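Heads up, the thing below is written out as structure tokens.
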Amino acid sequence: MNGKNTAVEKLNQALQDAIRALGVEDNETVFEMPRREGWGDRATTIAMKLAKTLKTKPIDIAQKLAANLNSEYIDKIETVGSGFVNVFLNGKFYADVVEDALKQGNTYGSVNLGNKKRVQVEFVSANPTGPLHIGHGRGAALGDSVARILEFTGWDVQREYYVNDSGLQIETLGKSTQARYLELLGKESHFPENGYKGEYLYDIAREIINLEGDKFANVPESESLEYFKKYAAETIMAGIKNDLENFRVRFDKFFPEGYLHKNGLVKSAMEDLKARGYAYEQDGALWFKTEDTIGDDKDRVLIRANGIPTYFASDIAYHRDKFITRGFERVIDVWGADHHGYIARVKAAIKAMGKNPDDFDVLLIQLVNLIRDGTSVNMSTRAGEFVTLSEVLDETGTDAARFFLLMRKSDSKLDFDLDLAKKQGNDNPVFYVQYAHARVCGLVREYEKLGKSSKTISPSLFNDSKEARELANYISFFPDEIKAASQTLAPHLLTSYAMSLAGAFHSFYNSNRIIDAEDSQARVNLAKAAGLVVRECLDLIGVNAPERM
RNA sequence: GGCCCCGUAGCUCAGUGGAUAGAGCGACUGCCUCCUAAGCAGUAGGUCGGGCGUUCAAGUCGCCCCGGGGUCGCCA
């Protein structure tokens, strides 16, 4: 996408050339960031990794590698320990890094990994039986951010929400709403055993009374049930869409489960499985045959004895539609971790339909534990007691909520400290990062008032200021961070990187004069590049980068 | 019982086989005559749950054990 001509790319190229000179094929290895001061600006452990294949002592390989490594950017190379190669770079490298970043602007860091291949990310997909809670928010933040990262790294991304608009739960929703309606009118009501107890159904029932009066109180319940189902589901879905918009999460498509049934897609998916020998009838039901596929340990029912398809059957039809009808080359689903046992089943089904299960990724999200005043807020969806996403957004704002929900890897539990998220101080990581951006904008505003605009970046800055060098080094590793985040589908790498980068900027800011320094051009340009990368990083996790705070 | 996740500083967690294990919060000490102190600098705090193994190298990989959570439906 960007060609091989940035300073970082040239340096990595020099490393790969040096490795090839040892007689080893390599187009992958790149330099790493050393963990400690004194170990240089870049390091590689490749000598130790090659020891076995080359049948040579690591330190000898390291020395040969060092001798082969040629670049205008290298000041000095040290081979230490059992075979580490530490590279010390000159100021020109960092001057070029800053120049590259400024030149590339908001495409800096966008490596092409996807080759415009079509990938679908399906996320949230909450049933329209109640408002989104904070757990859905985590799925929304994750799916949206993964989609943004994939787009940034060259994939053609489609974002989809699967709407479970048919089946038992909508039946229960309709009955629950109907019961609340009758209850509010003082009539006899039958609240279903596993009904939805949330307060929101009273609100919806009240709306229905305002719109339709008591006209459903005098007809048989079975006759009006359809209306309650439809009204409640549509109202709740509208609320969900509204929440998602406030959360800055966009979907390309809302895919209704009902579409699969209406168009006979479940039926044809079942026929296809039968034809391929992956489905059989027994005890009056249709079963999925798991043997010969992967992962799952037993056969599963597709069509119940009563003729109603299971959720699994719909899901097979749905994923068949994704992979075959719509032709996505890769599909990523975001699920709650409680569905983990379901992965093997769906993978098996994907294999059974003739597609490669490796093209299907599931990102599991663990629970969110809301913390207030140092203790966790109890939630129970069944009892209808949960903290909704919109309540959290009202309290913390979208930026803080998104940032907090992406601070941990999705597969582990997350403590969300509401008090911390609301704080406007350096202890709140969101503000810390955003403030770095606002500071850069402030500097640039001041600098432009002085009417200076030279693009010169003097390399000596990076020798004179340790903080400038460190900040530029973080900037230089941004493309690697992006690559890692894209390959592992892990936005939390970017929240963590953003905090480090912001930290490096604040240190630089506090220990260096910038706009009134002698080499102010170089300093302002470095600050600009840092601000640019902060903004890109925040954008990829869906958080705003304010120009003033 | 099978499968999955987790166990790292007082708390919450980073750490895709590499060097002397890091960050944030909390605690303590300094820093605004100066581009935004919503900031910076520093101090203290660790048998990486335990054991055995693989490896030149293990917080990271394998096996066993301990502790916490999840999941094992003709529910979704």
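Note that these values count all heavy atoms, side chains included, but never hydrogens, waters or copies made by symmetry. Model, not experiment: these values are computed from the prediction. Numbers restart at 1 for each chain; the letters A, B, ... are given by sequence-line order, proteins then strands.
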>> Regarding Glu234(A) and Lys230(A), does a basic nitrogen lie under 4.0 Å from an acidic carboxylate oxygen?
In response: yes
>> Using the side-chain heavy atoms of Thr45(A), tell me which of these nucleotides is nearest: C74(B), G18(B), C3(B).
In response: G18(B)
> Can we say Lys76(A) and Glu78(A) salt-bridge, meaning some charged N sits less than 4.0 Å from an Asp/Glu carboxylate O?
Replying inline: yes
> Taking OP1 and OP2 of U71(B), is either one under 4.0 Å from a side-chain nitrogen or oxygen of Arg345(A)?
Replying inline: no
> What nucleotide, of G70(B), C40(B), C74(B), holds the atom closest to the side chain of Asp338(A)?
Replying inline: G70(B)
>> Salt bridge or not between Lys483(A) and Asp480(A)? Use side-chain N to carboxylate O under 4.0 Å.
In response: no
> Does the pair Glu518(A)/Arg513(A) count as a salt bridge with the N-to-O cut at 4.0 Å?
Replying inline: no
> When you compare A21(B) with G15(B), how far apart are their C1' atoms, in angstrom units rounded to a whole number?
Replying inline: 8 Å
> Would you call Lys229(A) and Glu171(A) a salt bridge, taking side-chain N to carboxylate O under 4.0 Å as the test?
Replying inline: yes
>> Whole angstroms only, please: what is the CG-P distance between Asn510(A) and G30(B)?
In response: 18 Å
>> Among G18(B), C35(B), C74(B), which nucleotide has an atom closest to any side-chain atom of Ile515(A)?
In response: C35(B)
> What is the nucleic acid contact for Ala43(A), judged by heavy atoms within less than 4.0 Å: base, sugar-phosphate only, or nothing?
Replying inline: base
All N/O contacts under 3.5 Å from nucleotides 53-61 of chain B to the protein, with atom names and distances to one decimal?
none

>> Would the distance check show the side chain of Gln16(A) and the main-chain N or O of Thr29(A) forming a donor-acceptor pair, the cut-off being under 3.5 Å?
In response: yes
>> For a quick check of understanding: with a heavy-atom distance under 4.0 Å over all strands, which category does Asp315(A) fall into, base, sugar-phosphate or nothing?
In response: nothing
> Do Glu395(A) and Arg372(A) meet the salt-bridge criterion of a basic N to acidic O distance under 4.0 Å?
Replying inline: yes
>> Protein within reach of the bases, or only the backbone? For nucleotides 7-13 of chain B, mark each nucleotide 5' to 3' as B, S or -, using heavy atoms under 4.0 Å.
In response: -----BS
>> Would you measure the distance from the P atom in G62(B) across to the matching atom in U20(B) and give it in whole Å?
In response: 24 Å
> Can you check whether Ile371(A) reaches Phe416(A) side chain to side chain, under 4.5 Å on heavy atoms?
Replying inline: no
> With both distances under 3.5 angstrom, what nucleotide forms a Watson-Crick or G-U wobble pair with C31(B)?
Replying inline: G39(B)
> What nucleic acid atoms does Asn512(A) come within less than 4.0 Å of, heavy atoms only: base, sugar-phosphate, or nothing?
Replying inline: base
> Does C25(B) sit syn or anti, given that only angles within 90° of 0 count as syn?
Replying inline: anti
> At under 4.0 Å between heavy atoms, what does His506(A) touch on the DNA or RNA strands: base, sugar-phosphate, or nothing?
Replying inline: sugar-phosphate
> Is the closest side-chain heavy-atom distance between Gln366(A) and Arg138(A) below 4.5 Å?
Replying inline: yes
> Which part of the nucleic acid, if any, lies within reach of Ala484(A) when heavy atoms closer than 4.0 Å are counted: base, sugar-phosphate only, or nothing?
Replying inline: nothing
> Are the charged groups of Lys322(A) and Asp333(A) less than 4.0 angstrom apart, N to O?
Replying inline: yes
> What nucleotide among C74(B), U20(B), G26(B) has an atom nearest to a side-chain atom of Ala305(A)?
Replying inline: C74(B)
> Reckon Asn428(A) touches a base, only the sugar-phosphate, or nothing at all at heavy-atom distances under 4.0 Å?
Replying inline: nothing
>> Can you check the distance between U8(B) and G45(B), where both ends of the measurement are the C1' atom (answer in whole Å)?
In response: 14 Å
> For G73(B), does OP1 or OP2 lie under 4.0 Å from any side-chain N or O of Lys298(A)?
Replying inline: yes
> Quantified in whole Å, what is the P atom distance between nucleotide C34(B) and nucleotide G30(B)?
Replying inline: 22 Å
>> Under 4.0 Å from OP1 or OP2 of C35(B): is there any side-chain N or O of Arg523(A) that close?
In response: no
>> If I pick the P atom on U55(B) and the same atom on A27(B), what distance separates them, to the nearest angstrom?
In response: 49 Å
>> For Tyr342(A) and Asp516(A), find the nucleotide of RNA chain B closest to each by heavy atoms; which residue's nucleotide sits nearer the 5' end?
In response: Asp516(A)
> With a non-hydrogen cut-off below 4.0 angstrom, is Asn127(A) in contact with a base, only sugar-phosphate, or nothing?
Replying inline: sugar-phosphate
>> Does a side-chain N or O of Ser507(A) approach OP1 or OP2 of A41(B) to a distance below 4.0 Å, or not?
In response: yes
> Is there a side-chain polar atom (N or O) of Arg304(A) under 4.0 Å from OP1 or OP2 of C75(B)?
Replying inline: yes
> Do the charged groups of Asp361(A) and Arg330(A) touch, with an N to O distance under 4.0 Å?
Replying inline: yes
>> Classify Tyr432(A) by what it touches in the nucleic acid, base, sugar-phosphate, or nothing, heavy-atom distance under 4.0 Å.
In response: sugar-phosphate
> Counting side-chain heavy atoms from CB outward, which of C5(B), G15(B), G70(B) is closest to Gln366(A)?
Replying inline: C5(B)
> Quantified in whole Å, what is the C1' atom distance between nucleotide U43(B) and nucleotide G50(B)?
Replying inline: 32 Å
> What interatomic distance, in whole Å, is found between P of C6(B) and the corresponding atom of U60(B)?
Replying inline: 13 Å
>> With a 4.0 Å cut-off on N to O distance, would you call Arg523(A) and Asp519(A) a salt bridge?
In response: yes
>> Please report the distance separating the P of A38(B) from the corresponding atom of C25(B), rounded so that it comes out in whole Å.
In response: 15 Å
> His339(A) near the nucleic acid: base, sugar-phosphate alone, or nothing, with a heavy-atom cut-off under 4.0 Å?
Replying inline: base
> Between G22(B), A14(B), C74(B), which nucleotide gets closest to the side-chain atoms of Arg36(A)?
Replying inline: G22(B)
> What is the nucleic acid contact for Ala490(A), judged by heavy atoms within less than 4.0 Å: base, sugar-phosphate only, or nothing?
Replying inline: nothing
